[in-house]
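Presented below is the structure to which this report refers.
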Amino acid sequence: MAALQTIRDRGGLLVSIVIGLALIAFIVGDALSSGPGMFGSDRNQVGEIAGEGISIMDYQNTLTQQEELIKLSNGLSSLNEEQQIMLRDNIWQQLVMEKLMGREYEELGLEVGGDELYDILLGDNMSPTIRRLFADPNTGIVDKERARQTVQQILSSPNPTDRAFWLNMERETSDSRKLSKYSSLVAKSLFVTDEEAKENAEGEVEKADISYIVKNYSSISDSSVNVSNEEIKAYYNNNPARFQQNESRRIMYVNFDIDPSGEDYSDTEKAVKDLIEEFTASEEPMEFVNLSSDIKADPTYYKKSEISNDSLADFLFSGKGGVFGPYLEDEAYKISRVGSKRMLPDSVRARHILISPQNGYEQAVAIADSLANLLKKGADFEELARANSIDQNSAVNGGDLGWFRQDMMVQPFSDSVFFAKRHDIKVVLTQFGAHVVEVTDMAKPEEKIQVATITKEVVPSNKTTNKIYNDARTFATNVNSADDFDKKVEETGLTKRIATVNKNDQTIAGMDDAREMIRQIYLQEEPGVVHTTDEAIIFTNGNKYTVAVLTQINEEGLAPINNVASTIKRILIQKKKAEILKQELSGMLGGSESLLSVAQKAGLEVKEATEISFNSFQIPGAGIEPRVIAEAALMEQGKLSAPIAGNQGVFVIMVNNRTSEEITPELLAETKTGMEQTNLYRASYQAIQAIIKNGEVKDQRYKFY
């Protein structure tokens with residue numbers, strides 16, 4: 001159905017599943033990245049939502065149905081890996097939102113009635129997403145009556161896919177509307193008072209110019225500060241919120257790159273040399289390339305300056321003939337010769353009339369031939385273009401395409417116009433239909449050539465691949481633990497890598513395809529060597545063999561003290577350094593009337609920063625220092641501050657000058673609006689995250705994908 005296809009084309013790939021998810025994808029993403037421990041759940045469950053198990057069979061059936069709908073709706077034979085990952089994530093997010101938000105909507109009595117749904121689908125308040133599908137591409141105006149007729153045609157179609165397409169859009173639009181209502185409801189509960197707005201405005205307009213000195217923590221060595229295990233334990237027990245962690249796994253691994261050997265380079269070069277004699281004698285060099293090369297012949301004609309290899313360009317344009325090479329370029333051995341020579345312009349100007357192939361190419365060609373004959377008899381090209389061309393962008397200009405280069409059009413069209421003479425009328429076929437073409441102008445022709453190049457990529461031979469695999473197997477022999485792994489790394493001199501991975505990650509640094517390894521890492525319940533599904537310990541990741549050891553399992557919740565002890569030690573060292581530096585600077589402040597005198601005693605430089613307000617994010621030259629900013633906003637002008645423990649060191653500051661702007665009603669209103677917009681963000685993000693966090697969501701898809 002042509003009407004449905006137009007909607008599909010405008011909606012783009014996966015339109016049927018992303019309408020209602022556009023607002024929630026970023027909300028759900030973070031919240032679903034972790035969940036309670038997975039092991040011990042039903043092995044046939046892909047996850048749990050609100051305590052309800054989701055079976056792999058039900059999830060896969062939904063996934064398959066959506067995949068088939070998308071393929072049929074977009075004329076695809078299959079989805080690529082990236083599209084499949086996107087689809088799986090969207091289906092899971094959809095399930096989570098349906099079950100958790102559905103429960104919220106029911107409790108609140110939130111719903112979208114039939115009249116309301118019709119209004120946002122085909123009525124006066126059409127949603128932006130639906131409007132985009134039906135809008136005239138030139139004017140942006142929607143003919144509502146025509147849109148309704150189109151939908152009626154879709155719903156009356158005998159093809160169940162057509163009906164499913166639109167019904168799916170109705171459901172997604174309804175879900176999006178409910179979510180919008182919910183977000184608005186929560187946003188209205190987060191109000192901003194005039195006093196809050198005034199306080200926020202004051203924090204912006206009241207500014208201070210300050211001078212400051214800073215004694216950096218790095219001025220004291222870490223080794224000179226002692227932190228006991230008891231202090232670490234006490235800090236850990238008193239600050240549990242600081243050490244909450246998401247679920248993750250930590251591994252160390254080595255890669256064995258499957259790269260060509262010197263022998264592989266030599267063998268490839270010889271194979272190319274063996275073709276030189278036959279290539280030189282060939283009367284159809286471009287065809288010879290297509291039969292002999294790893295890369296098909298490039299039909300483009302180039303002038304000398306357009307060939308990046310200067311030596312090759314000089315040879316081909318010398319007129320001597322013969323074959324250039326072999327030469328190594330882009331990890332491939334190549335030989336090149338002139339394929340063909342022509343005098344061609346750099347650019348041409350043309351106009352065309354495009355006939356749709358919707359009713360078959362034979363009919364399109366017949367119409368095009370008829371129009372070409374009329375033009376040859378003196379018919380007006382512009383009138384025929386406006387009346388017959390389906391390319392409306394050029395038809396409004398009488399079919400004029402303007403000036404273009406050879407590489408700007410598809411090859412059949414480009415060849416036709418660049419090899420033509422001025423005012424030739426031609427009919428040419430492309431994937432877009434049948435074109436009636438006339439060249440109206442062209443640049444001055446100059447000599448150009450086709451470069452016929454045979455390319456043989458240098459790839460690892462079976463011998464090389466087997467040797468690298470044996471190296472990996474030798475390394476992996478007797479590696480049963482992290483200690484064994486470290487010893488082997490030290491013995492072999494290989495590069496050890498460390499990575500923290502999450503269960504739905506697709507990649508690991510240095511690996512082309514790590515999904516299967518990540519899945520196995522999460523199926524493993526104890527630290528140790530990571531095994532493949534076949535119990536091997538060598539993974540194939542693109543052009544690498546990988547051996548990995550799972551070293552740490554981090555469950556969601558409070559991190560074990562051993563995992564965060566080094567972090568706590570750094571925090572406590574900085575705190576102790578701050579006390580030492582504060583004491584030093586306090587002693588220097590005694591009897592000092594100026595910041596300069598303190599700086600001289602401390603051997604520090606006085607620095608300046610202007611227009612510091614309570615709402616400032618950072619201090620120029622000092623970085624993010626909220627404690628210093630707060631002190632600068634509140635302290636008395638002309639007085640030296642007490643030492644302030646900041647992020648990078650201990651500061652002493654002086655306010656040199658204060659300025660303040662009048663808080664006008666307009667500024668107050670603008671500030672209040674900004675705060676309300678922030679609340680709207682909180683409503684659409686934090687509230688839903690909280691629902692998901694408390695919704696007993698367990699994402700176990702990693703077991704299957």
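These numbers come from a predicted model, not from an experiment.
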Run the numbers on L121 and E170 for side chain to side chain contact (heavy atoms under 4.5 Å, CB included), then give the verdict. CA-CA 7 Å; L121 284 170; E170 285 188 1; 3.5 Å; yes
Give the intermediate values and the outcome of salt bridge (charged side-chain N to carboxylate O under 4.0 Å, His left out) for residues D505 and R515. CA-CA 7 Å; D505 285 350; R515 182 59 209 160; over 6 Å; no
As a quick check of understanding, evaluate side chain to side chain contact (heavy atoms under 4.5 Å, CB included) for K569 and I232, giving each step before the final call. CA-CA 6 Å; K569 185 175 181 179; I232 292 174; 4.2 Å; yes
Applying side chain to side chain contact (heavy atoms under 4.5 Å, CB included), run through I251 and I498 and close with a yes or a no. CA-CA 6 Å; I251 63 168; I498 297 173; over 6 Å; no
One pair to check against side chain to side chain contact (heavy atoms under 4.5 Å, CB included): K207 and I612. What are the steps and the verdict? CA-CA 5 Å; K207 298 178 180 179; I612 303 300; over 6 Å; no
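Taking 4.5 Å as the limit, every side-chain heavy atom of E48 sits out of range of all side-chain heavy atoms of V697. I70 is listed as a side-chain neighbour of L79, based on a closest heavy-atom distance under 4.5 Å. Side-chain contact between W166 and T150 is absent, with no heavy-atom pair separated by less than 4.5 Å. Contact check for D699 versus V46: no side-chain heavy atoms found under the 4.5 Å cut-off. Counting heavy atoms from C-beta outward, R148 and Y118 have side chains that approach closer than 4.5 Å. Counting only heavy atoms from C-beta outward, the side chains of R177 and L117 never approach each other to under 4.5 Å. Side-chain contact check for Y522 versus K703: every heavy-atom pair is 4.5 Å or farther apart. Proximity of Q648 to I624: side-chain heavy atoms (C-beta onward) are nowhere separated by under 4.5 Å.
Inspection of the Y685 and Q689 side chains reveals an N or O donor paired with an N or O acceptor under 3.5 Å. Judged by distance alone, the side chains of S248 and N502 never bring a donor and an acceptor atom under 3.5 Å apart. Side-chain N/O atoms of S55 and D58 include a donor and acceptor closer than 3.5 Å. Using modelled atom types and a 3.5 Å distance limit, the side chains of Q552 and N554 yield a donor-acceptor pair. At a cut-off of 3.5 Å, with distance as the only test, no side-chain donor of R88 or Y59 sits close to an acceptor on the other residue.
No more than 12 heavy atoms of other residues, nucleotides or ligands shown are found within 6.0 angstrom of CG on D115. In K601, the NZ atom is crowded: over 12 heavy atoms of neighbouring residues, nucleotides or ligands sit closer than 6.0 Å. Applying the 6.0 Å contact sphere to NZ of K181 captures more than 12 heavy atoms from other residues, nucleotides or ligands. The number of heavy atoms from other shown groups lying within 6.0 Å of NZ (K233) does not exceed 12. Around the CD atom of E608, the shell of radius 6.0 Å holds more than 12 heavy atoms that belong to other residues, nucleotides or ligands. In Y182, the OH atom is crowded: over 12 heavy atoms of neighbouring residues, nucleotides or ligands sit closer than 6.0 Å. Atom CD of E81 has 12 or fewer neighbouring heavy atoms from other residues, nucleotides or ligands inside a 6.0 Å radius.
Going from atom CG of L595 over to atom NZ of K607 covers 12.0 Å, rounded to the nearest 0.5 Å. Put simply, CE on M97 and CG on N90 are 12.5 Å apart, with the number rounded to the nearest 0.5 Å. With rounding to the nearest 0.5 Å, the separation of CE in M169 from OG in S127 is 8.0 Å. Between the CG atom of D89 and the CG atom of N504 there is a distance of 6.5 Å, given to the nearest 0.5 Å. From I561, atom CD1 reaches atom OG1 of T567 across 11.5 Å, with rounding to the nearest 0.5 Å. Here M635 contributes atom CE and M654 contributes atom CE; the two are 7.0 Å apart, rounded to the nearest 0.5 Å.
Under the side chain to side chain contact (heavy atoms under 4.5 Å, CB included) criterion, T193 pairs with F191, E195, E196, not counting sequence neighbours. Annotation: salt bridge (Lys or Arg N to Asp or Glu O under 4.0 Å) contacts of K99 (sequence neighbours excluded): E52.
Using a distance-only test at 3.5 Å, with no hydrogens or angles considered, no donor-acceptor pair links the side chain of D209 to the main chain of R658. With hydrogens and angles disregarded, a donor-acceptor distance shorter than 3.5 Å links the side chain of K576 to the backbone of N226. Side chain of K503 to backbone of R519: no donor-acceptor contact under 3.5 angstrom is found. Between the side chain of N694 and the main chain of A690, a donor-acceptor pair closer than 3.5 Å is present. At least one donor-acceptor pair under 3.5 Å links the side chain of T551 to the backbone N or O of R250. Between the D143 side chain and the R146 main chain, a donor and an acceptor come within less than 3.5 Å of each other. At distances below 3.5 Å, at least one donor-acceptor pair connects side-chain atoms of S613 with backbone N or O atoms of N615. A donor-acceptor distance shorter than 3.5 angstrom exists from the side chain of Q245 to the backbone of E555, with no hydrogens or angles considered. Of the possible polar contacts, one joining the N80 side chain to the E82 backbone as a donor-acceptor pair under 3.5 Å is found. A donor-acceptor pair is defined here as one N or O able to donate and one able to accept, closer than 3.5 Å; such a pair exists between the side chain of Q637 and the backbone of N656.
Residues W92 and G47 approach most closely at CH2-CA, 3.9 Å, considering heavy atoms. Minimum heavy-atom separation, S616 to E611: OG-O, 4.1 Å. Here the closest heavy-atom approach between residue Y217 and residue N647 is recorded as CE1-O, 3.5 Å. Here the closest heavy-atom approach between residue P240 and residue L558 is recorded as O-CD1, 3.5 Å. Across all their heavy atoms, M675 and A197 have their closest contact at SD-CA, 3.8 Å. Nearest heavy-atom pair, V655 versus A632, reported as atom, atom and distance to 0.1 Å: CG2-O, 3.7 Å.
Classification of D222 and K577 as a salt-bridged pair holds, one side-chain N sitting under 4.0 Å from a carboxylate O.
Sorted by first and then second residue, the ring-ring contact (aromatic ring centres under 6.0 Å, His included) pairs with a member in residues 637-669 read Y212-F651; sequence neighbours excluded. For residues 103-112, there are no side chain to side chain donor-acceptor pair (under 3.5 Å) pairs, not counting sequence neighbours. For residues 668-680, the set of pairs meeting the side chain to side chain donor-acceptor pair (under 3.5 Å) definition, not counting sequence neighbours, comprises D194-K672, N679-R682.
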Without placing hydrogens or testing angles, list every side-chain donor-acceptor pair under 3.5 Å for residues 580-589, not counting sequence neighbours.
from, atom 1, to, atom 2, distance (Å)
S586, OG, K582, O, 2.7

